[in-house]
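To keep things clear, I will list the structure first and then write my remarks on it.
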Amino acid sequence: MLNLDTVRNTPRRVKEALRAKGIGSPDLVDTLLEIDETRRSTITELQDLQARQNELSQQIGTLKREGKDEEAEAIIEKTGRMKAEIKRLKDEAQTVEDRQEKLVLQLPNIPHPSVPVGADEDDNEVEETVGEPPTFDFDPAPHWDLIARHNLADLERGAKVTGSGFPFYLGKGARLQRALLNFFLDRARERGYTEMQPPLFVNPDSAEGTGQLPDKDDLMYEVPGDDFYPIPTAEVPVTNFHRDEIFAADDLPQQYCTYSPCWRREAGSYGSDVRGLNRLHQFDKVELVRIVHPDASYRALDALLEDAESALDALDLPYRRLLMCTGDMGFTQAKVYDLEVWSAAQERWLEVSSVSNFEAFQARRMQIRYRPEPEASPELVHTLNGSGLAFPRVVAALLENNQRPDGTIELPEVLHPYTGFARIGTNE
RNA sequence: GGAGGGGUGACCGAGUGGUCGAAGGUGCUCGCCUGGAAAGCGAGUGUGCCGUUUCCACGGUACCGAGGGUUCGAAUCCCUCCCCCUCCGCCA
């Protein structure tokens, strides 16, 4: 959510953000400002009337205590008329406030000046490519073939039991998932994150707090009968952990890491892009969240990026870092990097991490604040998060990039203590 | 799921219709005291919104789990919902 002052003082900037992100119509800003005028004049009128009523009510109290009931009655007569008017103005103010709130929620975050302006994913900037894509003197198999060959996962039975995009993992495939969980969490903890296990369902307030609602409604599944959403990312419960709280300045930053399954409806996706583990409705992820002092948030973004990249370095997977352009970044973000891993058989890049600074956008919705000084007024914190990392595509890359001519797969050494095996396709 | 109890400021806790944004205590901030510290003493210390203002600030209004209602007036009375605690039941 944007600060209303920002909209009032720099409407051009907000319109520019709408255009750059390709979200909504710039007219929204003018409508909002008009409503804001109405809202304020209504509130002023209402509060003036309430002030008079309070004054009279106080007089009535004094008179009654003094036993001057007749004088009190006279004033009560007078006040009676105000009552209806106050009620009317209250309702009106409420209506206008609700409308305004709805509009404000439709305004996306303003991109940081360093973000390239662009229309879509073609305008993202490749900042760096790390590692060498492996070369093969045989035809490398795509991961779905490797999975079938070694019985690492079963998507068909997943489709039978639940639906497409809900895989079973089996044998070394399942053990690899478990290994990644511990591997990623251990690394995150060593890098200063507090480990957390969050609820996997959230209520609408939380979904709105981090920005999944109202704008990305078709992203999430819903639980009928209970007002819950299965989380599309652990970002939601973890960041909302501190909703409506005020930190002492010393308590910042807060850093959490968490493992969770994630559920995404991914409405409308199909085709070869979604084959195998490329895109699932349920997947596992380790998420990193930072809640920081506003002055520190871009340093924190760099650090978070480094945390995510170091995991790819450790796994010896080739990857590239993209700085997302305005048109391809999300509603809530001020600046986003995507990390994409090289998938050797598919010969394409797969997104395994998205690292974002939301600045105060989420914090304003969630009212997460800090006090700069012990007696000072609270200010909004900045929130950030990044995947560290999403499992299925890491698995896809590990399988494809590390396959041998005999069809076996050799896992990177750092994982051996976690997996308990070094190779897939043999007994090792 | 059943029965009972309860949700008040950073925390504890008083307050059952009027002068209550809310006693008292703790914590915190500043000052006094001290060689320094502790103890003492004094002052201050919630948030949102609207308005006035050159800063400092000031005025108004709302908020005592949430929403609605009664009333000239609600933390206090009524209704609905949510959450927490205790006991019982069920259960990984």
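Below, read A as the first sequence line, B as the second, and so on, with proteins coming before strands; counting in each chain starts at 1.
- Here the side chain of A:Arg393 pairs a donor or acceptor atom with the backbone of A:Asn278 at under 3.5 angstrom.
- Comparing the same atom, C1', in B:rU8 and in B:rC50 gives a spacing of 26 Å after rounding to whole Å.
- A:Asp244 has its CG atom 14 Å from the C1' atom of B:rG46, to the nearest Å.
- Mapping A:Asp36 and A:Pro378 onto RNA chain B by nearest heavy atom places A:Pro378 at the nucleotide closer to the 5' end.
- Contacts of A:Arg371 with the nucleic acid, taken as non-hydrogen atoms under 4.0 Å apart, involve only primed sugar atoms and P, OP1 or OP2.
- Comparing B:rG59 with B:rG4, their C1' atoms are spaced 48 Å from each other, to the whole Å.
- Remark: B:rA66 base-pairs with B:rU80; criterion is Watson-Crick or G-U wobble with both hydrogen-bond distances under 3.5 Å.
- In this structure B:rG48 sits in the anti conformation; its chi angle is more than 90° from 0.
- Rounded to whole Å, the distance from CD on A:Glu73 to C1' on B:rG18 is 15 Å.
- Protein atom CD of A:Glu245 is 16 Å distant from nucleotide atom P of B:rU47, rounded to whole Å.
- Across every strand in view, B:rA75 sits unpaired, with no contact that passes the Watson-Crick or G-U test at under 3.5 angstrom.
- Looking at heavy-atom distances under 4.0 Å, A:Ser57 makes contact with a base.
- The 12-atom threshold is not exceeded at CG of A:Asp316, counting heavy atoms of other residues, nucleotides or ligands nearer than 6.0 Å.
- Atom CD1 in A:Ile246 sits roughly 21 Å away from atom P in B:rG27 (whole-Å rounding).
- Annotation: B:rC33 and B:rU45 have their C1' atoms spaced 22 Å apart (nearest Å).
- Comparing the C1' positions of B:rC30 and B:rG73 gives a spacing of 39 Å, expressed to the nearest Å.
- Between A:Arg19 and A:Glu16 there is a salt bridge, since at least one side-chain N of the basic residue sits less than 4.0 Å from a carboxylate O of the acidic one.
- Whole-Å rounding puts the A:Glu45 CD to B:rU61 P distance at 16 Å.
- Salt bridge absent: A:Lys160 and A:Glu156 never bring a charged side-chain N and a carboxylate O closer than 4.0 Å.
- Residue-environment remark: CZ (A:Arg40) exceeds the threshold of 12 foreign heavy atoms within 6.0 Å.
- Going from the P atom of B:rC81 to that of B:rG18 covers 29 Å, rounded to whole Å.
- The neighbour count for A:Arg299 CZ, taken as heavy atoms of other residues, nucleotides or ligands under 6.0 Å away, does not exceed 12.
- Note: CD (A:Glu37) to C1' (B:rC50) measures 12 Å, nearest angstrom.
- Annotation: the span from A:Leu56 atom CG to A:Ile76 atom CD1 amounts to 10.5 Å, rounded to 0.5 Å.
- Checking B:rC32 for Watson-Crick or G-U wobble geometry (two distances, each under 3.5 Å) identifies no partner in any strand.
- In this structure, B:rG59 and B:rC50 make a Watson-Crick or G-U wobble pair, each of the two defining distances being under 3.5 angstrom.
- Taking atom C1' on both nucleotides, B:rG24 is separated from B:rG13 by 8 Å, rounded to a whole Å.
- Using a cut-off of 4.0 Å between Lys/Arg side-chain N and Asp/Glu carboxylate O, A:Arg369 and A:Glu245 are scored as not salt-bridged.
- Side-chain atoms of A:Glu208 do not come within 3.5 Å of backbone N or O of A:Asp205 as any donor-acceptor pair.
- A:Phe421 carries A:Lys172 over the face of its six-membered ring, with the cationic atom under 6.0 Å from the centre and within 45° of the normal.
- Using atom C1' as the reference point in both B:rG65 and B:rC85, the two lie 15 Å apart (nearest Å).
- On the C1' atoms, B:rU61 is 16 Å away from B:rC20, given to the nearest whole Å.
- Across all strands shown, B:rG1 forms a Watson-Crick or G-U wobble pair, both distances under 3.5 Å, with B:rC88.
- One interatomic measurement links the two molecules: CD of A:Gln58 to P of B:rC72, which rounds to 17 Å at whole-angstrom precision.
- Scanning residues 82-94 of chain A for heavy-atom distances under 4.0 Å to RNA chain B yields A:Lys83, A:Lys87.
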Practice prompt. Sugar-phosphate means primed atoms, P, OP1 and OP2; the rest is base. With that split, encode nucleotides 54-60 of chain B 5' to 3' as B, S or - using protein heavy atoms under 4.0 Å.
Written response: ------B

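- Regarding A:Leu63, its CG atom lies at a distance of 13 Å from the C1' atom of B:rU19, rounded to whole Å.
- Distances shorter than 4.0 Å separate some side-chain N or O of A:Gln53 from OP1 or OP2 on B:rG73.
- Dashed line: the shortest gap from a side-chain N or O of A:Arg369 to OP1 or OP2 of B:rG48 is under 4.0 Å.
- Note on A:Arg290 versus A:Asp307: salt bridge recorded, some NZ/NE/NH1/NH2 to OD/OE distance being below 4.0 Å.
- Among the nucleotides B:rG18, B:rU47, B:rC50, the one closest to the side chain of A:Arg39 is B:rC50.
- Remark: A:Tyr319 pairs with no residue by the ring-ring contact (aromatic ring centres under 6.0 Å, His included) rule, at least two apart or across chains.
- Taking a pair to require two hydrogen-bonding distances under 3.5 Å in either a Watson-Crick or a G-U wobble arrangement, B:rU45 pairs with B:rG27.
- Both A:Leu56 and A:Glu97 sit near RNA chain B, but only A:Glu97 has its closest nucleotide nearer the 5' end.
- Put simply, A:Arg40 has no side-chain N or O that comes within less than 4.0 Å of OP1 or OP2 on B:rU61.
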